[in-house]
Enquirer: 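One structure is given below, represented as structure tokens, and several questions about it will come after.
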Amino acid sequence: MAHAYTPGLKVTARTVLRKERRLPLKGKVMVSEIGTKVKAEQIVARTELPGNVLPLNLAGKLGCDARDVKGNLKVKIGDKIAKHQLIAETKGLLGLFKSSVRSPLDGSLESVSDITGQAILREPPQPVETDAYIEGKVVEIIPDEGVIIETVCTFIQGIFGIGGEIRGEIYPVVEQPDQELTVELLNEDCRDKIVIGGSFCTAPVLEKAVQVGARAVVVGGIDDEDLKNFLGYDVGVAITGNEQMGITLVVTEGFGKIPMANKTFRLLQEKKGYYASVNGATQIRAGVMRPEVIITLEEDQSMKTTGSAESGMMEVGTPVRIIREPYFGELGKVAELPPHPMKIETEAKTRVVKVKLDDGKEVLLPRANVELIEE
Amino acid sequence: MKFLTLFGILFLIIQGGSLYSEIVVEDVPNDAGEALMITWDLPDDVGNISMYRIYRLDPGAEDYILVGKVENPNVNVFVDHDPRYPLHAGTEFVYKIVPVDFSQNEVESLGTSLAVSPVAQLFNFNKVNSLIATLFVFAALIFFLNYAKTGKGLFIRKIAGLDALDEAVGRATEMGKPVLYVPGLSTMSDVATIASINILGPVAKKVAEYETKILVPNRDPIVYTIVHEVVKESYLEAGRPDAFDTDQVFFVSQQQFAFVAAVNGLMMREKPATNLFLGMFWAESLLMAETGNITGAIQIAGTDSVTQLPFFITACDYTLIGEELYAASAYLSRDPILVGSVKAQDLEKAIILFLMIACSIISLIAVLAFNTYAFNQVISAIFSF
Amino acid sequence: MKPKEQIKNILATDCGSTTTKAILIQYDPEAGRYRLIVRGEAPTTVEAPFEDVTIGVLNSVKEVEELTHREILQQDKIIKESSENRGVDIYISTSSAGGGLQMMVAGVVMNMTAESAERAALGAGSIVMDAIATNDKRMPHERIERIRNLRPDMILLSGGIDGGTIKHVTELAEIIAAADPKPRFGSTYKLPVIYAGNKDAREPVKERLEGKTDLFIVDNLRPVLERENLQPARDKIHDLFMEHVMAQAPGYKKLMSWADVDIMPTPGAVGLLIETVAKQEDIEVVGVDIGGATTDVFSVFKDRTEEEEKPVFNRTVSANLGMSYSISNVMAEAGLDNILRWVPFTMEEKDLRNRIRNKMIRPTTIPQSLQELKVEQAIAREALRLAFVQHKQMAVGLKGIQQERTIADAFEQVSTGETLVNLMNLNMLIGSGGVLSHAPRRAQAALMMIDAFLPQGITMLAVDSIFMMPHLGVLSKVHPQAATEVFDNDCLIRLGHCIAPVEKKRRKGGEHCFTLKIENRDELKIAWGELKLIPLGEGEKVKATIIPERHYDVGDGYGKSITITLEGGVVGLVVDARGRNPFSLPSKLEERINKLEQWNKALNIYPEKE
């Protein structure tokens, strides 16, 4: 078998992408017709999240038995209540010595228990809105839940990111993919932009980016130490996207100083000034999520979409990148695909691949340690 | 008059000094000027004397007053330090020693002394050992307090009974039954009662957090009011002031066995899941602990009453023995000040223990090998504080 | 299903989150026992683009077909009629795809009923996302928010002994009702809630939860504080796992129709097997399965606090300790220094950090250089150690029980709820999962386990050769004999006994520690601080006497000698006198590297580099 399945990230100049925009719970979809064009910021669905609940120990506050609480209520269960409104009062002795309870919030009385004497008050619902995130066309409406939006775009997946959904203009500040993103390169021009860096950035650079008001930073690599310094904590489980750092970061290649893949860099360079949607959310486990940069293109049906690099086949001559030490980050071409498992340095027997590195050296690697790239 | 007295004294001095024996009066050192030591030469015919009477002439007084007696005719020392006949620093006193024969008749006086006044000293050198001990106690306390404050954590031995408090309250919660807490039968003046109330605080707080019920019967009215406040405070601290029921803490009876009968009845009726007997107990200890055991409760007892400990140990799940009861509040709160002082006390106790053992050994050697006097002096000096 | 005697060909699959593994077990009439014939593997196909678990199953079975030339499938269906070269008698399966079973538990008191509920859930093979209790120091609205955010597959509610508190349980039910949780998969069905608490509180709980959730009531899992009754709750969890959670996952309905017995959650099956083995051989066992995302620890220890010793099974899952997806969390939890202490060369912290992160974002890569392997195994040691620490905290006796005392207990009042894990009594330590099962040299697995678990006394070390414990776990339900035979002969690879004396307090290096007298061999003197490998092949058994010095204990007390039968394995007899009280590595870098290299050499763990 001369082919092998290797994981790879999607980096395509032109593809049709579908995004599902769904509410966390049922609500109202704001788009009524399939085919409607939506802007990225447009709200496509809206709902009300049930308000927070606040338990209130009525029995204790009134000083009566739990089973008597219901008899002392001044409002009905399910009624709306205002803050400071009287909700329960004991009969007292001949109208004297009454104890009463007033509502601590605006909302409604949800339930009262005659065993625990607890009342459950609920705050008014909070509105939740879902926007389109990308510019495109609605192709499907999921009743009461959301829509599916389709767009023709340049689609770039990163390998790791932080921060949530954001939109802005693509703004490359480096000339070469192997150039480092430095503090000096960032200035006021970066405000509200998606800054494209080269091979590497540090924590001070990210801090500067936040300071100048950049919306996102896309870069080849970062040191984990810098990431920790920037976040203030160690990322434990690889589930990100909810960081509130004021910026979204997309790392395209990995940890360490690694030049951004040529193709990725070229694509981003070309799309300077385009409006793009970026999401740093990463989830590396069942239900993989990778960070992404989506650049919507002017619709032009005459142009064909290019294929993706995902789950490609490895053949002799295929360009690959090595994704594990000791040759981490180096590029090369497949020189040979030995069919049988072979012993590597660790004495483990595994399927291997011979790769000719860009500097002409040939190395033998486990197949799991290379990934396909597109030139 | 004054002249006469002076003359008399002078005469007496000459007479006593020359004719019979010398009576020497000296100030007793290291005091506030409240004592004088009188010594005299023994008369030749000691065999006929049963005792000496010591008379004193106070300034301004007409007659001698009897201030004491020495019933051994061979002893010739007397320290005049009787609060009934106080001495005052700075005033002069004259003494007269009168021997008494076997038929209780006063024989001729041995003479009179010179007028001497007691002197007050600023510093009592006899108490230097106490000073050293006090300084040491404070030093240890301050050291451990500071050490505990650095957060390094001082080791306190695991006390199973206190660790089990959590569990005990949890059990009551799961079983839907109350916790019974008896803070001992003694008054507030008893250290054990204070220690018990210190433990009651965190227990009641836990009870409030678990939203369960605590019952605290009381024997002493003063203890009752304090306990009531402590429990109320704990509920407040736990953020559950609404859950506090004032009837949970109640007064039962001041009669020892009426109290016991009431508590035992309570145990049989309410079947509390957990009984805590912490404080001072007497004969009722086994009555209560056994009843509690029969009802199937987890029981944690604690007392410094040595005689009741065996009963508690056998009938209860956990027992805090003596000092453990005092250490409880430090153990439970891990408050640096409390932990530090427990630690300091431990060190002091260890040193005293060491000294006791060391001195016993030394005196043993002394008895066997040397003249014991010097050693006894040393040892008694050490333990005189 | 056929009667047990007629079962000769068994097909079993395990649908993991990344790969589906199929094995074929056959009865070998010549050897007179069941044996593993072959194993096939294919990627799991629960997620897009396939979204049908059976495709992966069929692919893995096809590999089995290819390798055995036995016809098992006919038109993508398993032939359940067996003859010489065709079909199988029974098909069984386990699954952990889709993140496994994620549960939330609730109980009245955290370390009593809530803990029992957690044990029941863990024992059934689920991941416990959180436990809610009256004393969890959270405000009710925080609890409600937590339930809402976590969206568990199932909730197990317990609390109160029979006849105990009603109020607290009702309150918990109210909280669950107020949270109105929605299950993870789809919104077409209601969230299953199992009530296994105070039987007197059933009515109020029903009132509050029926309608809002899919409520099931089973026997109280803690009928009295002194006893746990976890089985009914565990069984119900299994049933619901099948009916609700699995049925929602793509392709599982079809898979369930194929299987002859219920599909079990993978860890549940492994636990079942370990429990069965421990019971059959009357031994105390610890099993560990270290995966990419999670690490499971199973143990069977005897509870010696009661008069009658009874084996107690425990399982814990460290959901965030693993060797790929969760590798960063191992670093965060253990700390870099703890990982670096196992690395036998100097390494920069920055470098290690980046390597770990790169493994996280590209979880499928494998170590290529020896250095990389050493780093990976250093991380594995810490992951295993942390998982075991968590296990010790969970595997404890029951709390809140009444005790009987005599005056002799005055100064030794033992408290309840102590950990049951007593390494001195441990007979067997089984390792499983990629980093242990696939370590290039078995001795590496042996040392990793010794370093992480620090076994004491005499312990057999073993690894699961090809990760077939889940398959055998389900099989043990149907055909225990076949399961144990295959487990003993094909699944378990014995690495050899490990002898580890425990010292009273830290000793000086080089001091004589114990004498080992093996029958027909020279007497061996072992010094403290030494790690030694004594050749003793697989299946070889020798009689030996171990005579420890005054301050050392090898199982029978300080200074007491023992005579036992030692068994070898693919590694041999490992003598570990490096100390246990505590085990520590030199703090100076150079000294430490020297020590590590010395140990590695002693066990011949890594190939010599030229």
Side-chain angles (χ1 to χ4, degrees), chain B residues 157-179 205-213 238-240 243 271-275 289 292-302 306 309-324, chain C residues 107-117 133-140 158-172 197-201 220-226 228 396-418:
Chain B
R157 174 173 66 85
K158 197 170 146 60
I159 304 176
L162 293 173
D163 286 337
L165 284 176
D166 230 348
E167 191 183 324
V169 179
R171 177 181 165 96
T173 313
E174 291 281 5
M175 294 178 74
K177 295 276 179 354
V179 173
K205 193 174 161 196
K206 205 143 270 165
V207 166
E209 275 166 15
Y210 282 59
E211 294 169 42
T212 186
K213 215 175 141 192
R240 305 299 313 260
K271 299 249 181 330
T274 302
N275 300 335
N293 194 298
I294 291 164
T295 62
I298 278 199
Q299 308 199 92
I300 302 175
V306 182
L309 276 173
F311 302 126
F312 276 146
I313 289 167
T314 43
C316 296
D317 294 66
Y318 301 95
T319 309
L320 303 178
I321 300 168
E323 293 269 320
E324 289 179 344
Chain C
V108 169
V109 175
M110 192 49 105
N111 53 23
M112 293 179 191
T113 46
E115 196 179 276
S116 292
T134 317
N135 64 329
D136 60 7
K137 305 250 153 109
R138 280 183 282 206
M139 296 301 288
S158 76
I161 59 167
D162 280 343
T165 178
I166 296 175
K167 187 182 129 188
H168 292 87
V169 187
T170 315
E171 211 170 279
L172 289 169
N198 183 2
K199 66 176 182 331
D200 297 348
N220 195 349
L221 51 76
R222 196 86 180 254
V224 286
L225 280 173
E226 281 73 17
E228 268 181 352
V396 291
L398 298 183
K399 288 189 196 87
I401 58 179
Q402 208 188 9
Q403 308 207 335
E404 263 180 36
R405 300 274 187 212
T406 63
I407 195 78
D409 294 333
F411 299 107
E412 253 183 282
Q413 302 176 12
V414 191
S415 37
T416 58
E418 298 285 322

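This is a predicted model, so every value here is computed, not measured. We use all heavy atoms of the structure for the numbers below, so side chains are in, but hydrogens, waters and symmetry mates are not.
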Enquirer: Against chain C, label B:Ala297 side chain, backbone, both or neither, depending on which of its atoms sit under 4.5 Å from a heavy atom there.
Expert: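 For B:Ala297, the backbone is the part near chain C, not the side chain.
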Enquirer: Which pair of heavy atoms, one from B:Arg171 and one from C:Leu225, lies closest together, and at what distance?
Expert: CG-CD1, 3.2 Å
Enquirer: Sequence neighbours left out, what passes salt bridge (Lys or Arg N to Asp or Glu O under 4.0 Å) with C:Glu115? Give chain and number order.
Expert: C:Arg119, C:Lys399
Enquirer: Could you look at B:Lys158 and say if it's the side chain, the backbone, both or neither that has a heavy atom under 4.5 Å from chain C?
Expert: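 Contact with chain C: side chain only.
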Enquirer: Which pair of heavy atoms, one from B:Glu174 and one from C:Val109, lies closest together, and at what distance?
Expert: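 Looks like OE2-N, 3.1 Å.
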Enquirer: Testing the basics here: between B:Thr173 and C:Val108, what is the closest heavy-atom pair and its distance to 0.1 Å?
Expert: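 Scanning both residues completely, I find the closest heavy atoms to be CG2-CG1, 3.5 Å.
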Enquirer: To the nearest 0.5 Å, what is the distance between OH (B:Tyr210) and OG1 (C:Thr134)?
Expert: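 Nearest 0.5 Å value for the OH-OG1 distance: 9.0 Å.
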Enquirer: Partners of B:Phe311 by ring-ring contact (aromatic ring centres under 6.0 Å, His included), sequence neighbours excluded?
Expert: none
Enquirer: Using a cut-off of under 4.5 Å for heavy-atom pairs, which of B:Asp163, B:Ile159, B:Ile298 has the most such pairs with chain C?
Expert: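 Highest number of heavy-atom pairs under 4.5 Å: B:Ile298.
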Enquirer: Could you tell me which of C:Thr165, C:Asp162, C:Thr113, C:Val169 has the largest number of non-hydrogen atom pairs under 4.5 Å with chain B?
Expert: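 Winner by heavy-atom pair count: C:Thr165.
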Enquirer: How far apart are the closest heavy atoms of B:Thr212 and C:His168, and which atoms are they?
Expert: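 So the minimum-distance heavy-atom pair works out to N-NE2, 4.4 Å.
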Enquirer: Nearest 0.5 angstrom please: C:Glu171 CD to B:Glu211 CD, how far?
Expert: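 If we round to the nearest 0.5 Å, C:Glu171:CD and B:Glu211:CD are 4.5 Å apart.
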